[in-house]
Engineer: 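One structure is given below, represented as structure tokens, and several questions about it will come after.
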Amino acid sequence: MKKFFVIMMVALTLGVAINAVLPDVSIAGPENQIASAITAQAPSAEPQTIKANRAITISLFVVIVAITLCIVVWAAKRTKTTADFYAARGSITGTQNGWAIAGDYMSAASFLGIAGLISLYGYDGFMYSVGWLVAYVTVLLIVAEPCRNAGKFTMGDILSFRTNPKPVRAAAAISTVAVSVFYLTAQMVGAGKLMELLLGIPFRIAISGVGCLMILYVVFGGMIATTWVQIIKAGLLMTGASVLCILVAAKAGFNPVQFFSDVATNSQIQSWVQINLLKEAIPKAGFDYGQRFLEPGLLLKDVWDQISLGMALVLGTAGMPHILMRFFTVPTAQAARKSVIIAMFIIGTFYILTTLLGFGAAINVSPQVISSVDKGGNMANMLLAQMLGNQVAPLAGDFLLAFLCAVAFATILAVVSGLVLAASAAISHDIYVNVVKGGHADQHEQVRAARITSVIVGIVAIIIAILAEGQNVAHLVALAFAVASSGNLPVVVLALFWRRFNTAGTIAGLLIGTVVAIGLVLVSPNMQYPKIIAAGQQKIFVALEKKQAGGATLTDKEKAELAKAKVIYEKTKDGTSMMGLEKPLFPLKNPGIISIPVGFLAAIIFSLMFRRKKEEDAFDELYVRQNTGIGVAKTIAH
Amino acid sequence: MAEQTNWAAIAKNPKFEEIHRRKTVFLFGWWIFSTVYYFLLPIGAGSAPGLYSVKVIGNINFGYLFALSQFFVSWAIALYYASWANRVSDRLTGELLDELKLR
């Protein structure tokens, strides 16, 4: 315990040191851009409130960190065995687990990104959010209860139940780590950018700070601390979204018909749709551009890509290792069922509130301002909060903005902690204890292995995130879901429901599903294709040169543009993508539509090619257990 | 686990076979329904954008209500499953455990 407090003190000092550095960070941060953007819109915003803003935000951060560290100290005393560390001893109730699942699942991307998409592209942003909830029907009906009944700590436990445990656990750990690392990198890079944009904290310091906290939570508090961090975060997120929604709804007199009419008749939205989205310089007579914002087709143009993404969401969520792991924390299948249903209501309500926030931001802040602050619209909620708050009282906007920053911060911590825990469970429980040690390790050694692995996973995540600075990581989330849906989900479902499934099928399904999903993304339009960039630049400078040849003199801005386009063209014209390709081989951004069937087929074909009678006979035990829960109490007790 | 549980015998127990049959029909049936209903949304948006534009109440159109209905349909399936499980599968499982003297 002494060692524990020494490390805690070091971490706290580090945290204080980071905070002490903060006021020195340049004042001309993007925060001012937000403020000036708002000032341009509503002259009432006072520029001198920015300082107060940072003070409030940092204090709220400190409060969150302090509360969560208290939880870690409390949880550390209760974390002695592997059952404590990985599964909170099965002591979490259904309701608590429901909030924790919601906290584990709703990332900063859902909170900031989807509202941003709605504020910039209207209806399509909302349609995009639907799949994230519908995914839980699969979790509820197919995987939650069987996993609770048949599993212990990891996905590897379920898959190795009746197969040859060593190779199966190793393969399961590989795909678990792949999914976790992709998702973790996307989250951490997003966190760094967010802190940089909102508070002017340098990217590396932000990542290291978030990374250190996440390691602390997981190493000392294990699943108990991670669960409570996720519960608190879900509560904060719902509070923040609800308060903001009430402010938005009040503007429309709490009348939904009025609200949508405000969207359709807003002149800034109309001109945004006409000029920026539909690229029509002259408005078509009689065309209702405002109403067009409420109709599909402004963002999601390829139906096949949407179906492919939908498949990855609907099947991938149920194959996410950090989500599966949450079902091992409740005592019974009934509690697992209850927790998914509670999570569905929280997550669904959140996305419905998000629609209001997205459209509300479009009406009140305008898409033009939102996209000028951040191209992807990620700051829509933040801008909305500051603006509506300031209309209530001068300081309220800053407080609300600070509160939302704190919510985003808590959100990131909760999601990354869950992922680190899942990845380190796969490495220490599946690979170290069961493959390397052949299951012969005492409790003390197992917990120590789990803690050491968590530190290593955390440090590696920090390093990868720092290396990925400036890279486009948005496709990593899609990649995580693609691997989870093509590698993990097929084998989990077949292991639970198909008698003839066996070792060969499990390994083939996991590896082929994972490799095909990653491979298709590598040759998809997600990657950068220099020749396509070059062609775009060529268009720009050819047009400008034509203008010049026609006798017109170019403005300085146009000259600069011409020079820049030529430089980029020269740099990119002979280049190829990471895979040496000139253009994408696979036309869709989401590989699910191909890789999911391939994952299932590989698992089925290899099972039938290498049949194992012993494993088929053991199906009775697994099937009776997963349906009835016989034997669960014994699993927990030992 | 001291005593050996005879899993194959439980698997052949008529009560267990009934649990298995009714669960399979309910769970996969509703899963397929939910999935088909969900994929109608993007497919419809791509193939029948005109339908999505039809105004229903004020400026609120069919597309918005259809997307919103996805949430309510998912919730309804969840609640219906909870009540079905309480009435049917949990009760049958309880009866099976009593019969096997496992609780």
Engineer: Could you look at Tyr123(A) and say if it's the side chain, the backbone, both or neither that has a heavy atom under 4.5 Å from chain B?
Structural biologist: side chain
Engineer: Counting only heavy atoms closer than 4.5 Å, note whether Phe62(B) contacts chain A via side chain, backbone, both or neither.
Structural biologist: neither
Engineer: Taking atom types as modelled, is there a side-chain donor on Asn149(A) or Glu145(A) under 3.5 Å from an acceptor on the other?
Structural biologist: no
Engineer: Going by atom types alone, do Ser89(B) and Trp84(B) pair a side-chain donor with an acceptor below 3.5 Å?
Structural biologist: no
Engineer: I'd like to verify something: which residue of Val340(A), Asp124(A), Ile142(A) has the highest number of heavy-atom pairs under 4.5 Å with chain B?
Structural biologist: Ile142(A)
Engineer: Under 4.5 Å from any heavy atom of chain A, what part of Phe39(B) do you find: side chain, backbone, both or neither?
Structural biologist: side chain
Engineer: Among Val303(A), Val624(A), Thr628(A), who wins on heavy-atom pairs under 4.5 Å with chain B?
Structural biologist: Val624(A)
Engineer: What part of Tyr128(A) is in contact with chain B, defined as an atom under 4.5 angstrom from a non-hydrogen atom: side chain, backbone, both or neither?
Structural biologist: neither
Engineer: According to salt bridge (charged side-chain N to carboxylate O under 4.0 Å, His left out), does anything in residues 11-21 of chain B pair up with another residue at least two apart or in another chain? List the pairs.
Structural biologist: Lys15(B)-Glu95(B), Glu18(B)-Arg22(B)
Engineer: Between Ala67(B), Gly46(B), Ala45(B), which has the largest tally of heavy atom pairs under 4.5 Å with chain A?
Structural biologist: Ala67(B)
Engineer: Check each atom of Tyr623(A) against the heavy atoms of chain B and say whether the ones under 4.5 Å are side chain, backbone, both or neither.
Structural biologist: both
Engineer: Decide whether Asn13(B) and Glu99(B) meet the rule of one side-chain donor and one side-chain acceptor closer than 3.5 Å.
Structural biologist: yes
Engineer: Asn61(B), Ile57(B), Ile19(B), Thr24(B): which one forms the most heavy-atom pairs within less than 4.5 Å of chain A?
Structural biologist: Asn61(B)
Engineer: Got a second to check how far Phe501(A)'s CZ is from Arg162(A)'s CZ, nearest 0.5 Å?
Structural biologist: 7.5 Å
Engineer: Tell me, side chain or backbone of Ile342(A) under 4.5 Å from chain B's heavy atoms, or both, or neither?
Structural biologist: neither
Engineer: Do Tyr37(B) and Ser69(B) have a side chain donor and acceptor closer than 3.5 Å?
Structural biologist: yes
Engineer: Take Phe72(B) and Trp75(B) through the test ring-ring contact (aromatic ring centres under 6.0 Å, His included) and record every step on the way to the result.
Structural biologist: CA-CA 5 Å; Phe72(B) 291 91; Trp75(B) 287 338; 5.2 Å; yes
Engineer: Tell me yes or no: between the side chains of Asn97(A) and Ser339(A), is some donor less than 3.5 Å from an acceptor?
Structural biologist: yes
Engineer: Which bit of Leu68(B) is near chain A, if near means a heavy-atom gap under 4.5 Å: side chain, backbone, both or neither?
Structural biologist: both
Engineer: Find the one option among Ile77(B), Leu79(B), Thr35(B), Val73(B) whose heavy-atom pairs under 4.5 Å with chain A are most numerous.
Structural biologist: Leu79(B)
Engineer: So for atom CZ, which belongs to Arg499(A), do other residues, nucleotides or ligands contribute more than 12 heavy atoms lying within a distance under 6.0 Å?
Structural biologist: yes
Engineer: For each of Val263(A), Leu294(A), Val314(A), tally heavy-atom pairs with chain B at distances under 4.5 Å, and name the one with the top tally.
Structural biologist: Leu294(A)
Engineer: For chain B, which of Asp617(A), Leu300(A), Thr349(A) has the most heavy-atom pairs under 4.5 Å?
Structural biologist: Thr349(A)
Engineer: Does a sphere of radius 6.0 Å around NZ in Lys589(A) hold more than 12 heavy atoms from other residues, nucleotides or ligands, not counting ones at 6.0 Å or beyond?
Structural biologist: no
Engineer: So for Ile43(B), is it side chain, backbone, both, or neither that comes closer than 4.5 Å to the heavy atoms of chain A?
Structural biologist: both
Engineer: Under a 4.5 Å heavy-atom cut-off, does chain A meet the side chain of Phe16(B), its backbone, both or neither?
Structural biologist: side chain
Engineer: Please classify the contact between Gln334(A) and chain B as side chain, backbone, both or neither, with a heavy-atom cut-off of under 4.5 Å.
Structural biologist: side chain
Engineer: Does NZ or CZ of Arg292(A) fall inside the cone over Phe287(A)'s six-membered ring, less than 6.0 Å from its centre and within 45° of the axis?
Structural biologist: no
